[in-house]
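Have a look at the structure below before the remarks.
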Amino acid sequence: MITAPAGRELEAGVPRIPRPRRTGGLLRGLLLAVMGILSMFPLYMMFATSFKVQTQIFMPNATFFSREFWLFTPTLENYRSVLVDGNFVRYLTNSLIVGVVSTVLTLLFSVLAAYALARFSFMGRGVISWTSLLLRTVPLVVLVVPVYGIWQGWGINDTLPGLILLYTAVNIPFAIWVLYGFIAQVPQELEEAAAVDGASPFRTFFAVVLPLIRPGLAAAGIFVFRVAWNEFILALVLTNRFSRTMPVEIAANITDVGVEWGRVMAMGVLIAIPPLLFTLLAARQLIAGLTAGAVKG
Amino acid sequence: MIAAKPPRSVKQPLTRLTPWLFVLPATLIMAVACLYPVLQALRLSFYNWSIGTPWTEATFAGAQYFSRLVQDPAVLSSLLTTLLFAATVVIAEMILGLVLALALEKPMRGLTLFRTVFILPMMIAPIVVGLTWRFLFDTNFGAINALMTSLGVGKITWLADPNLAFFAVVVADIWQWTPFVFIMLAAGLQNLDGAVIEAAAIDGATPWQAIWSVKLPMLMPIIVVTLLLRLIDAFRVLEVVYIMTGGGPGNSTEILSMHIYKTAFSGGQLGYASAISVLLLAVVMGLSVAVLRLSNPLSAGKKA
């Protein structure tokens, strides 16, 4: 990931000014370690708590540096109790269906649109670009009231297709612009060559462009899935017994008194696993996707 | 290159429709399920609509919600809380992210792993961030009070005190979003012209001078864009506050998004909630236009 900019190699012959390296390196290593630990500690606490029973979690006299704070006998009881709950399993399935289907639809529609915006000039291009660029940042809470009424009017509140439609719509503006950044980097000569060989625009797109922007699709897909999988406020308003998703169920378990922390954390771990896995597998693409538009522009 | 045009012009009728075939599905869905609700939010802010009735039965109320909104102390207090929250988290995240990006600029062992670990908090559900930090700040169960006890401070009721609750929410946001600033600025630093920095070093600039007089000015466009992107997101925060404090105690953490939700679904005043959401929308749209003026992906594509 880290490569020296070309300019530095050109200057390689120039003698460098020696600097005190050792202490700097040590300090930077220390900074790296401290920030890494601060970053991981809350997640560690969530994982650890999900393997504890209530008596292990409630330690009125435990201090941070005591043995009992760090050492415990792990139990799968919380996961068992969560996963034998038929309702919870249904909400988990709902989240999976909504997340996967809306991600696939968003990617398919967005990549087509991004390609047209990047490669063709046509009437309406300006309007579509600007509308989608502005829709990209609309706070979801602004949609809560109208969507509550409209979805009811259309008879798709408390249905999975209703949620899928909504998440696809709010994700498309974002996905278009992540993918646009990747498509703009594909050398246009390749498409021109395909066109010369007689390929239709659609064939050129699917056979030439799509394979080249696979990293972009991965990055956009993860970001889009993350929104659909994690979304809370719209799901809270739109869903009821039937189509409830995991974030809504978790929030329902956080009450003012007597939160069952072990169970709640087990739910938290279950909902955190897919995004964490994707991030660990594709951190490089995600960072490229995050910085593509703003930094290279 | 030269032969690129003819095959397309042979199929002229298809060619003119082709771009539209590509953009049509995305445009339709966006228009129906995103743009249409946003426009309805604008319309409903002029309508009297109570919860429990179909939205088609809402009656026209004129601009009364907007005249009420500007005099409503609850809205004003919520707006101030939002501004204070946004300013605090964004300033803290920018400073922390910039320091980290500068300190970890040079390649070193463990940096790739660190960056992967560092972006995890921004990928997990805001709901999970909220519940994790609510647990950490819990008076009896929380790790933070366990640490406080060890340090001899004793137990603090973090989420029951207005100021401390605000602080707790701020900490959670900083934990989640500082990595974003770091990633953006680190990428920006890598894209700087190395020759200029090398020239400064040859001219005898100390590392400190190189940062202040060379790197920061060159980095400024990316700093500004990152700052605006963070501001936009800070105005969109909801879940972490919803879970950690629910806007309380009192209304000490009741940011606008929380206030809109409560007005609509606890207060049942859907029209008034729409009017407040127009206020929030205006702030965010203003910031978005600023970002687009500074770094427009449209023009970036043209250059390529």
Side-chain angles (χ1 to χ4, degrees), chain A residues 2 5 7-8 11 17 28 31-32 36 39 42 45-46 57 62-65 109-110 112-113 116 118 120 122 128-129 135 137 139 141-143 145-147 149 165-166 168-170 172 177 184 192 195-196 201 230 232-233 247 250 254 268 271-272 275 279 283 287 290-291 293-295 297, chain B residues 3-4 7 18-19 22-23 25-27 29-30 33-34 37 40-41 55 103 107 114 116-118 120 123-125 127-128 131-132 141 143 146-147 149-150 183 187-188 193-195 198 201 225 232 236 238-239 243 257 260 264 270 273-274 277 280-281 284 288 292 295 297-298 300-301 304:
Chain A
I2 296 181
R8 297 202 183 168
E11 301 280 343
I17 293 123
R28 292 193 305 141
L31 181 72
L32 203 69
S39 200
M45 282 308 291
M46 175 173 73
I57 299 167
T63 59
F64 196 73
F65 302 106
F109 298 148
S110 305
L112 288 169
F120 304 119
F122 55 97
I128 294 174
S129 318
L135 285 178
T137 49
V141 75
V142 170
L143 297 175
V145 170
V147 158
L165 172 69
L166 183 57
T168 307
V170 298
I172 282 176
W177 293 106
E192 281 158 4
V196 171
N230 292 345
F232 167 70
I233 195 70
I250 291 183
I254 303 271
I271 194 181
T279 310
I287 290 169
L290 269 184
T291 54
V295 177
Chain B
T18 308
F22 275 98
V23 293
T27 310
I29 291 179
M30 236 174 10
C34 190
Q40 284 300 336
W55 73 299
F114 172 74
T116 306
V117 164
F118 211 40
L120 292 179
M123 298 304 290
I124 59 174
I127 284 288
V128 173
L131 78 91
T132 304
F141 297 81
L147 183 63
T149 313
S150 302
I183 295 290
D193 187 352
E198 200 70 26
V225 168
I232 291 173
R236 297 171 43 147
L238 170 73
E239 285 91 343
I243 292 291
S257 56
I260 292 167
L270 297 167
S274 289
S277 66
L280 179 64
L281 187 64
V284 171
S288 298
L292 292 176
S295 147
L298 281 171

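Below, read A as the first sequence line, B as the second, and so on, with proteins coming before strands; counting in each chain starts at 1.
Across Leu147(B), Leu238(B), Thr116(B), the residue that shares the most heavy-atom pairs under 4.5 angstrom with chain A is Leu147(B). Chain A forms the most heavy-atom pairs under 4.5 Å with one residue out of Ala273(B), Ala146(B), Ser277(B), and that residue is Ala146(B). Counting heavy-atom pairs closer than 4.5 Å to chain B, the top residue among Leu166(A), Ile233(A), Thr168(A) is Ile233(A). In terms of heavy-atom pairs under 4.5 angstrom with chain A, the leader among Thr149(B), Val23(B), Leu280(B) is Val23(B). The residue among Ile29(B), Thr132(B), Ile232(B) with the most heavy atom pairs within less than 4.5 Å of chain A is Ile29(B).
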*Evaluate side-chain contact (heavy atoms from CB on, under 4.5 Å) for Ile127(B) paired with Ile271(A), printing each intermediate quantity in order.*
CA-CA 10 Å; Ile127(B) 284 288; Ile271(A) 194 181; 5.8 Å; no
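Looking at residues two or more places apart in sequence or on another chain, you find a ring pair (Phe, Tyr, Trp, His ring centres under 6.0 Å) between Phe118(B) and Phe114(B), Phe182(B).
Side chain of Ser288(B) to main chain of Thr137(A): no donor-acceptor pair is present (N/O by atom type, distance under 3.5 Å, no hydrogens or angles).
The nearest pair of heavy atoms linking Phe109(A) to Ala26(B) is O-CB, 3.6 Å. The two residues Arg28(A) and Pro107(B) make their nearest non-hydrogen contact at NH2-O, 4.4 Å. For Gly36(A) against Val117(B), the heavy-atom pair with the smallest separation is O-CG1, 4.2 Å. Nearest heavy atom pair, residue Ser257(B) against residue Val141(A), reads O-CG2, 3.4 Å. Taking each heavy atom of Phe22(B) and Ala116(A) in turn, the nearest pair found is CB-CB, 3.5 Å.
Taking CZ of Phe120(A) as the start and OG1 of Thr18(B) as the end, the distance is 6.0 Å to the nearest 0.5 Å. To the nearest 0.5 Å, atom CG of residue Leu143(A) and atom SG of residue Cys34(B) are 5.5 Å apart. One distance of note links CD1 of Ile172(A) with CE of Met30(B); it measures 6.5 Å at 0.5 Å rounding. Once rounded to the nearest 0.5 Å, the distance linking OG1 of Thr279(A) with CG of Leu120(B) reads 5.5 Å.
For chain A, the nearby parts of Ile243(B) are the backbone and the side chain; heavy atoms of each come within less than 4.5 Å. Contact of Leu31(A) with chain B is made through the side chain alone, with heavy-atom distances under 4.5 Å. At a 4.5 Å heavy-atom cutoff, the contact between Leu165(A) and chain B is made by backbone and side-chain atoms alike. Interface remark: Leu131(B) contributes backbone and side-chain atoms alike to the contact with chain A (heavy atom separation under 4.5 Å). Using a 4.5 Å cut-off between heavy atoms, Phe122(A) touches chain B through its side chain atoms alone. The parts of Leu32(A) that come within reach of chain B are both its backbone and its side chain, each placing non-hydrogen atoms under 4.5 angstrom from that chain.
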